[in-house]
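Structure record follows, encoded as structure tokens.
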Amino acid sequence: KKASNAVWANCGFKGVLRASPPLTHADVKASWFDEKELLYFNLHGSDTEPYWFGQKGESFPAALSPQNVNEFSKGKSVALTEACYGAMEMAKDKMTSVALAFLSTGSLCLIGSTCIAYGAVAEPVSEADLIALHFFRNLCKGVSFGKALVNARAQLAAAAISGQGY
């Protein structure tokens, strides 16, 4: 949660950052999606399960389901997930993929990994956290979705090179 809080705060987002656990997919409310332009999910994913998962110790409760998104998402949002396999769509549909549920309900953009994604547990943020941070910052500057992602990847590479002393 500390890395998520750092991304959230550094992007200047307002509002509540929710965590799983204690929350699960059964607790998701429509108001969490209402009129939100940017949706940020730092959860776990699976290449075999339809859910995105929270974590506490060795417990991984289902935090968000395709059904949650199909029921509550009103579209017009940009969703970013740090979940491993969060954007995997092969052999899936809007009922078996959170990512495809977002896109089928009209989300303008979904950013996620189709395989493994790495991020920090605490500060300093790294890898997927930096992609999220820079992507959202770029969007807030008015950059297009594609260019925001390309820039975020370049900014991640620059931070990695700088951090390694090259």
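The analysis underlying the following values was restricted to heavy atoms, covering all of them including side chains, and did not include hydrogens, waters or symmetry mates. Along the sequence shown, the residues carry numbers beginning at 1.
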Is there side-chain contact between [X] and [Y], with at least one heavy-atom pair below 4.5 Å?
X    : Y    : value
I111 : F145 : no
K94  : N70  : yes
V78  : L39  : no
L64  : V28  : yes
F72  : K29  : no
F53  : L43  : no
S97  : P50  : no
P66  : T96  : no

Can you confirm whether more than 12 heavy atoms, excluding those of [X], are under 6.0 Å from its [atom1] atom?
X    : atom1 : value
Y118 : OH    : no
K74  : NZ    : yes
K36  : NZ    : yes

Review point. Side chains of S31 and D34: donor-acceptor distance under 3.5 Å anywhere?
Key: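 No, because no side-chain N or O of S31 sits under 3.5 Å from a partner of the opposite role on D34.
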- Quick one: do Q67 and M95 satisfy side chain to side chain contact (heavy atoms under 4.5 Å, CB included)? Show the steps, please. CA-CA 7 Å; Q67 291 75 19; M95 299 309 291; 3.7 Å; yes
Would you say [X]'s side chain and [Y]'s backbone share a donor-acceptor pair under 3.5 angstrom?
X    : Y    : value
S20  : P22  : no
T105 : A101 : yes
D27  : T24  : yes

Using the rule that Ile, Leu, Val, Met, Phe, Trp and Tyr join whenever any side-chain heavy atoms are under 4.5 Å apart, tell me whether [X] and [Y] fall into a single cluster.
X    : Y    : value
L156 : F136 : yes
V69  : W52  : yes
L108 : L110 : no
L23  : F33  : yes

Grab the two heavy atoms, one from [X] and one from [Y], that are nearest each other, plus how far apart they are.
X    : Y    : answer
A132 : Y40  : CB-CE1, 3.8 Å
C109 : F135 : SG-CZ, 4.3 Å
D47  : M88  : CB-SD, 3.6 Å
A117 : E82  : CB-O, 3.4 Å
A148 : L139 : CB-CD2, 3.9 Å
D129 : A3   : OD2-CB, 3.9 Å

Problem set entry | Steps toward side chain to side chain contact (heavy atoms under 4.5 Å, CB included) verdict (V98, S65) | CA-CA 6 Å; V98 173; S65 71; 5.6 Å; no
Practice prompt. In sequence, state the C-alpha distance, the side-chain angles, and the governing distance for C84 and S113, and then conclude on side chain to side chain contact (heavy atoms under 4.5 Å, CB included).
Written response: CA-CA 6 Å; C84 293; S113 176; 5.9 Å; no
- Parallel, tilted or perpendicular, as decided by the 30° and 60° cut-offs, for the rings of Y51 and H25: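 H25 and Y51: tilted rings.
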Original post:
By side-chain contact (heavy atoms from CB on, under 4.5 Å), which residues pair with I161, not counting sequence neighbours?
Top reply: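 By the side-chain contact (heavy atoms from CB on, under 4.5 Å) rule, I161 matches Y166.
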side-chain contact (heavy atoms from CB on, under 4.5 Å) filter on P124, not counting sequence neighbours, yields none
To the nearest 0.5 Å, tell me how far [X] [atom1] sits from [Y] [atom2].
X    : Y    : atom1 : atom2 : value
E37  : F13  : CD    : CZ    : 10.0 Å
L133 : C11  : CG    : SG    : 4.5 Å
E89  : L100 : CD    : CG    : 6.0 Å

Practice item. Begin with the C-alpha distance, continue with both residues' side-chain angles, and end with the deciding distance and a verdict on side chain to side chain donor-acceptor pair (under 3.5 Å) for E123 and N5. Key: CA-CA 9 Å; E123 292 189 72; N5 281 327; over 6 Å; no
Given the options N138, L130, I131, V150, Q155 meets side chain to side chain contact (heavy atoms under 4.5 Å, CB included) only with N138
Passes side chain to side chain contact (heavy atoms under 4.5 Å, CB included), S144 versus K147? Steps please. CA-CA 5 Å; S144 69; K147 188 69 172 168; 3.3 Å; yes
Contacts satisfying ring pair (Phe, Tyr, Trp, His ring centres under 6.0 Å) that involve residues 86-109 (not counting sequence neighbours) are F41-F102
